K.L.:
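So that we are looking at the same thing, I have put the structure below in structure tokens.
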Protein chains: 2
Amino acid sequence: MVKLTAQRQAILDLINASNRHWDAEELSRALGDAGQAVGIATVYRGLAFLEAEGLVASIQLADRKRYERADKAHHDHMVCTACGHIEEFAHATIEALQEAAARERGFTISGHQLVMFGRCADCTKGNNT
Amino acid sequence: MVKLTAQRQAILDLINASNRHWDAEELSRALGDAGQAVGIATVYRGLAFLEAEGLVASIQLADRKRYERADKAHHDHMVCTACGHIEEFAHATIEALQEAAARERGFTISGHQLVMFGRCADCTKGNNT
DNA sequence: AGAGGAATGATAATCATTATCATTATCAAT
DNA sequence: ATTGATAATGATAATGATTATCATTCCTCT
Ligand SMILES: [Mn+2]
Ligand SMILES: [Mn+2]
Ligand SMILES: [Zn+2]
Ligand SMILES: [Zn+2]
């Protein structure tokens, strides 16, 4: 019975309405534009709360943390260093091999993050930037 | 013909002398303790330089970037969230599958980072913190 | 209606990293 | 050795994302 306040619900709705990977600032700005302003501090707290509840997922990039909906199957990311595009991919075998590697070493895994950096298909062809 | 200044050489020597994963602050402090103080700004610049030259490697964790020697084969990491221990592992099959996944999507990969979080073998058994 | 506790929001604080800029080191040419 | 050009250093200010503070507002229960 997670209790969602109006601002937490607004954050969650916005995230669930697309496949974007949002940062706190973007969410705060978008909510303001939509007429339901939420203080930036509340956005940070709301995101932490929602993630703890498993209602949103996140990826930690070099500079900032980005949030996305959690109602998709687990996946990892490829980040285009030219245009910022974030592409998703899931690979069951990689996941299984990771778990095996951890098990071999007695490591109890609670999470992982695999990020590949490079140029997306568009940026590889065209010469965007 | 990379030209190493005294302070860059000192940073590199320190990194190469162990298998630790250092952050800038730790390096600056250790250099100071060793009697060859290097300003923190110079440490940051030196690390960027050394990494660009391929003389040191790095991993970007949530809060800070950590540097290690580059004269080891590529590997990824498991970070213990209890004691901070960083364990290394290499997995050729995972690497190959990653590249295949990128290729399938037209992504030109320039780098990647796979980090697993959890409790190391010691912290899983004993109850260190 | 009122008390207690949680949530909000404005703002200050924190902390890693980068930018500035005056000073110093390096090196080639005089 | 002295110059001058150029790069590096180091002290310190600035930046930017995130967290902490704290007064105010909102709920929920009695
Ligand atoms: Mn995603
Ligand atoms: Mn390592
Ligand atoms: Zn791109
Ligand atoms: Zn541990």
Side-chain angles (χ1 to χ4, degrees), chain A residues 1-15 20-53 55-68 79 81 84 86 113 115 117, chain B residues 1-15 20-53 55-68 79 81 84 86 113 115 117:
Chain A
M1 303 305 95
V2 190
K3 59 176 182 318
L4 294 176
T5 63
Q7 16 299 69
R8 288 173 181 174
Q9 185 69 62
I11 294 169
L12 181 56
D13 288 344
L14 195 47
I15 291 174
R20 289 186 51 177
H21 299 79
W22 304 80
D23 68 26
E25 193 61 42
E26 291 169 345
L27 282 164
S28 184
R29 187 157 358 97
L31 288 168
D33 292 349
Q36 46 190 333
V38 176
I40 185 65
T42 301
V43 171
Y44 274 105
R45 282 181 300 227
L47 288 170
F49 172 86
L50 293 171
E51 183 169 31
E53 294 295 335
L55 297 174
V56 301
S58 74
I59 52 176
Q60 172 73 53
L61 298 187
D63 50 340
R64 46 162 64 61
K65 201 168 177 183
R66 291 187 167 278
Y67 295 82
E68 66 178 317
V79 179
T81 51
I86 299 180
Q113 179 173 288
V115 182
F117 304 97
Chain B
M1 303 304 94
V2 190
K3 58 177 183 318
L4 293 176
T5 63
Q7 15 301 67
R8 288 173 182 174
Q9 185 69 61
I11 294 169
L12 181 57
D13 288 346
L14 195 47
I15 291 175
R20 289 185 51 176
H21 298 80
W22 303 80
D23 68 26
E25 193 62 41
E26 291 168 346
L27 282 165
S28 183
R29 188 158 355 100
L31 288 168
D33 292 348
Q36 45 190 333
V38 176
I40 185 66
T42 300
V43 170
Y44 274 105
R45 282 181 301 228
L47 288 170
F49 172 87
L50 293 171
E51 182 169 32
E53 294 295 334
L55 297 173
V56 302
S58 74
I59 52 176
Q60 172 73 55
L61 299 187
D63 50 340
R64 47 164 58 68
K65 202 169 176 181
R66 291 188 167 277
Y67 294 82
E68 65 178 317
V79 179
T81 52
I86 298 180
Q113 179 173 287
V115 181
F117 303 96

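The structure displayed is predicted, hence computed values, not measured ones. Just the heavy atoms: all of them, side chains too, but no hydrogens, waters or symmetry mates, feed the values below. Chain naming here is simple, since letters A, B, ... match the order of the sequence lines and numbering starts at 1 in each.
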K.L.:
If you check the B:A41 side chain, which of D:dA7, C:dA19, D:dT9 turns out closest?
P.N.:
C:dA19
K.L.:
Under 4.0 Å from OP1 or OP2 of D:dA8: is there any side-chain N or O of B:R8 that close?
P.N.:
yes
K.L.:
Can you find a side chain N or O atom of A:Q7 that sits less than 4.0 Å from OP1 or OP2 on D:dC26?
P.N.:
no
K.L.:
Give the nucleotide from the list D:dT9, D:dA11, C:dT17 with an atom nearest to the side chain of B:T42.
P.N.:
D:dT9
K.L.:
Contact class for B:E25 vs. all strands (heavy atom < 4.0 Å): base, sugar-phosphate, or nothing?
P.N.:
nothing
K.L.:
Can you tell me which nucleotide in C:dA7, C:dA16, C:dG9 comes closest to the side chain of A:K3?
P.N.:
C:dA7
K.L.:
Between A:D23 and B:G46, just flag the one whose closest nucleotide in DNA chain D comes earlier from the 5' side.
P.N.:
B:G46
K.L.:
For B:L61 and C:dT17, give me the distance from atom CG to atom P, rounded to whole Å.
P.N.:
10 Å
K.L.:
Hey, are B:R20 and B:E26 close enough for a salt bridge, meaning a charged N less than 4.0 Å from a carboxylate O?
P.N.:
yes
K.L.:
I need the CD1-P distance between B:I40 and C:dA19, as an integer number of Å.
P.N.:
15 Å
K.L.:
For A:F49 and C:dG9, give me the distance from atom CZ to atom P, rounded to whole Å.
P.N.:
15 Å
K.L.:
Pick the nucleotide of DNA chain D nearest each of A:K65 and B:G39; which residue has the one closer to the 5' end?
P.N.:
B:G39
K.L.:
Nearest whole Å is fine: how far is C:dA16 P from B:Y67 OH?
P.N.:
14 Å
K.L.:
C:dG9 P sits how many Å from A:L27 CG, rounded?
P.N.:
14 Å
K.L.:
Tell me, do A:R8 and A:L55 make a side-chain contact under 4.5 Å, heavy atoms counted?
P.N.:
no
K.L.:
Distance check needed: C:dT8 P versus A:Q36 CD, whole Å only.
P.N.:
13 Å
K.L.:
Could you state the CZ-C1' distance from A:R64 to C:dA16, rounded to the nearest angstrom?
P.N.:
15 Å
K.L.:
Are B:I59 and B:I86 close enough that some pair of their side-chain heavy atoms sits under 4.5 Å apart?
P.N.:
yes
K.L.:
Any carboxylate oxygen within less than 4.0 angstrom of a Lys/Arg side-chain nitrogen, looking at B:K65 and B:E51?
P.N.:
yes
K.L.:
What's B:R45 touching, base or sugar-phosphate or nothing? Going by heavy atoms closer than 4.0 Å.
P.N.:
base
K.L.:
Please pick, from D:dT18, C:dT8, D:dT9, the nucleotide with the shortest atom-to-atom distance to any side-chain atom of A:T5.
P.N.:
C:dT8
K.L.:
Check the distance between C:dT8's C1' and A:L50's CG and give it to me in whole angstrom.
P.N.:
15 Å
K.L.:
Could you tell me whether the phosphate oxygens of C:dT18, OP1 or OP2, come under 4.0 Å of any side-chain nitrogen or oxygen in B:Y44?
P.N.:
no
K.L.:
Is the shortest side-chain heavy-atom distance between A:L14 and A:W22 below 4.5 Å?
P.N.:
yes
